[in-house]
Amino acid sequence: MEEKKVGGGISTGRRVFVLAAFAVFVVVAFSASVTLGSVRIPLEEIWQSIFGAGAGTHQQIIMNIRLPRTIVAALVGINLALSGAILQAVMKNPLADPHIIGISSGAGLAGITMMLVFPGHEYLITPVAFVGAMSAAIVIYILAWKNGIRPVRIILAGVAVSAFLGAGISAMMIFYSDKVHGALMFMAGGLAARSWPHVTIILPYAIAGALLAFLGSKHLNILQLGDEIAKGLGLNVEMTRVVMTALAALLAASAVSVVGLLGFVGLIVPHATRLLIGSDYRFLLPGAALLGAAVVMGSDTFARTAFAPTELPVGILMAVLGAPFFLFLLRREL
């Protein structure tokens with residue numbers, strides 16, 4: 001009975017096939033991201049450069065510009081997709097997303113404050129952004145709690161908190177108007193000029209966060225059965241919610257600290273994965289991680305090549321795709 005309710009009646013063979021297809025999408029998106037640009041580089045040269053056999057200008061472009069940017073895009077996609085999937089399970093809300101409910105705004109305000117006020121301490125942006133994200137999550141929980149948590153109440157509380165924190169971000173941009181260009185790029189959510197130092201910032205959080213998320217997949221499955229059944233099975237529901245929310249906040253904060261306020265990845269990707277794989281988090285989380293990496297890499301490639309020589313921040317493209325999707329889900333849920 002549990003497998004039917006949690007897994008959605010989808011066979012293991014189909015899930016494995018979908019995961020394999022997502023892995024292929026990741027390879028295709030990675031190859032396109034490194035190949036396409038103002039200078040088009042043959043695929044064979046890319047692999048030669050990556051494995052140390054290349055030389056010349058193309059190798060410099062690949063190793064110093066495109067490869068780190070592509071890796072950052074993949075890690076950001078993984079972190080945001082996992083964060084969204086976890087929040088949807090913890091809050092029992094299919095509309096939950098770190099950007100929509102205000103967690104990303106909390107991370108954004110903390111991160112942009114560090115960026116503008118203490119520009120020499122870039123390595124502290126992620127932990128400070130985590131504090132901001134977790135604080136926003138706690139406030140949202142408090143505002144949304146009234147004889148229990150309801151999905152619509154969480155969304156409304158999240159929108160209010162996000163608007164308040166957005167005002168704080170705008171105020172910081174006014175007070176530090178001489179540094180407003182970097183702040184604007186942070187607000188839009190973009191991958192321009194991302195390099196190896198940004199990889200080293202996000203990589204430890206991505207690895208640790210993904211491992212902890214996969215280890216917690218069993219607890220997320222139990223949460224889906226309802227609080228009473230979960231408690232009957234011996235799960236500490238409140239503690240599980242707190243720990244998994246903290247993990248989602250950390251994943252979102254690490255992504256925000258590197259690329260800024262990139263929204264809707266945590267909404268679109270888990271839903272698309274759930275339609276193909278089902279609600280069993282043992283498969284949903286790896287699927288969301290793979291698809292998230294492919295979506296952000298592919299979207300960034302399109303955003304920087306479609307309007308060349310002008311580069312469009314990937315956050316704008318994700319908003320164009322994500323806003324109609326959110327409205328569709330909102331109408332369906334209500």
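Note: hydrogens, waters and symmetry copies are ignored here, and every other heavy atom, side chains too, is used. For this chain, numbers begin at 1 and follow the sequence in order.
- Distance alone, capped at 3.5 Å, is enough to place a donor-acceptor pair between the T200 side chain and the P197 backbone.
- Residues T126 and Y205 have side chains in contact (heavy-atom distance under 4.5 Å, counting atoms from C-beta outward).
- Sorted by first then second residue, the side-chain hydrogen bond (donor to acceptor under 3.5 Å, both in side chains) pairs that include residues 103-118, not counting sequence neighbours, are S105-S162.
- Going from atom CG of L220 over to atom CG of L235 covers 9.5 Å, rounded to the nearest 0.5 Å.
- Under the 3.5 Å distance criterion, the side-chain polar atoms of Q224 are matched with a main-chain donor or acceptor of S279.
- Within a 6.0 Å sphere centred on CZ of F164, other residues, nucleotides and ligands contribute 12 heavy atoms or fewer.
- V296 places a side-chain heavy atom less than 4.5 Å from the side chain of V265.
- For the pair L233/L225, a side-chain contact is recorded, criterion being any heavy-atom separation below 4.5 Å from C-beta on.
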### Task
Could you walk me through whether N236 and E238 pass side-chain contact (heavy atoms from CB on, under 4.5 Å), step by step?
CA-CA 6 Å; N236 188 330; E238 290 76 16; 3.7 Å; yes
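- When all heavy atoms of R66 and S33 are compared, the closest pair comes out as CD-O, 4.1 Å.
- Ion pair D280/K218 not flagged as a salt bridge, since none of the NZ, NE, NH1 or NH2 atoms sits closer than 4.0 Å to an Asp/Glu carboxylate oxygen.
- Residue S195 holds its OG atom at 9.0 Å from CG of N64, rounded to the nearest 0.5 Å.
- Taking CG from L116 and CE from M173, the interatomic distance works out to 8.5 Å, rounded to the nearest 0.5 Å.
- Residues T12 and F283 are in side-chain contact: their nearest non-hydrogen atoms beyond the backbone lie under 4.5 Å apart.
- How far CG of L247 is from CE of M134: 10.0 Å, rounded to the nearest 0.5 Å.
- Looking at S170, its side chain does come within 3.5 Å of a backbone N or O of G166 through a donor-acceptor pair.
- Counting only heavy atoms from C-beta outward, the side chains of L251 and I86 approach each other to under 4.5 Å.
- L285 and A85 make their closest contact through CD2-CB, 3.9 Å (heavy atoms, listed as atom of the first residue, atom of the second, distance).
- If you take CZ on F22 and CG on L291, they are separated by 4.5 Å, rounding to the nearest 0.5 Å.
- Across every non-hydrogen atom of Y141 and M91, the tightest pair is OH-CG, 3.9 Å.
- There is a path of hydrophobic side-chain contacts, each under 4.5 Å, that joins V199 to I207.
- Using a distance-only test at 3.5 Å, with no hydrogens or angles considered, no donor-acceptor pair links the side chain of Y176 to the main chain of M115.
- Contact check for L262 versus H99: no side-chain heavy atoms found under the 4.5 Å cut-off.
- Of the possible donor and acceptor atoms, one in the side chain of R15 sits under 3.5 Å from a partner among the backbone N and O of I277.
- Counting heavy atoms from C-beta outward, S135 and F130 have side chains that stay 4.5 Å or more apart.
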#### Entry: Working for side-chain contact (heavy atoms from CB on, under 4.5 Å), residues I71 and L203
CA-CA 9 Å; I71 294 174; L203 183 60; 5.9 Å; no
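- Exactly one of V28, V27, V26 qualifies for a side-chain contact (heavy atoms from CB on, under 4.5 Å) with V24. That residue is V28.
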### Message
For a side-chain contact (heavy atoms from CB on, under 4.5 Å) check, start with the C-alpha distance between I268 and V295, then their side-chain angles and the critical distance, and finish with the verdict.
### Response
CA-CA 10 Å; I268 297 174; V295 165; over 6 Å; no
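- In this structure the side chain of L67 reaches within 4.5 angstrom of the side chain of F30, judged on heavy atoms.
- The salt bridge (Lys or Arg N to Asp or Glu O under 4.0 Å) analysis of residues 304-315, with sequence neighbours excluded, yields the pairs R69-E311, D300-R304.
- Taking all atoms of both residues into account, the shortest heavy-atom contact from P68 to W196 is CB-N, 3.6 Å.
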Scan the side chains in residues 73-83 for donor-acceptor partners under 3.5 Å anywhere in the protein, sequence neighbours excluded, and list what turns up.
residue, atom, partner, partner atom, Å
N79, ND2, S254, OG, 2.7
S83, OG, A248, O, 2.9

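- Side-chain N or O atoms of H219 include none that pairs as donor or acceptor with a backbone N or O of G216 at under 3.5 Å.
- Closest approach of Y281 and P286 over heavy atoms only: O-CD, 4.0 Å.
- The two residues L261 and G108 have their closest heavy-atom pair at CD2-CA, 3.9 Å.
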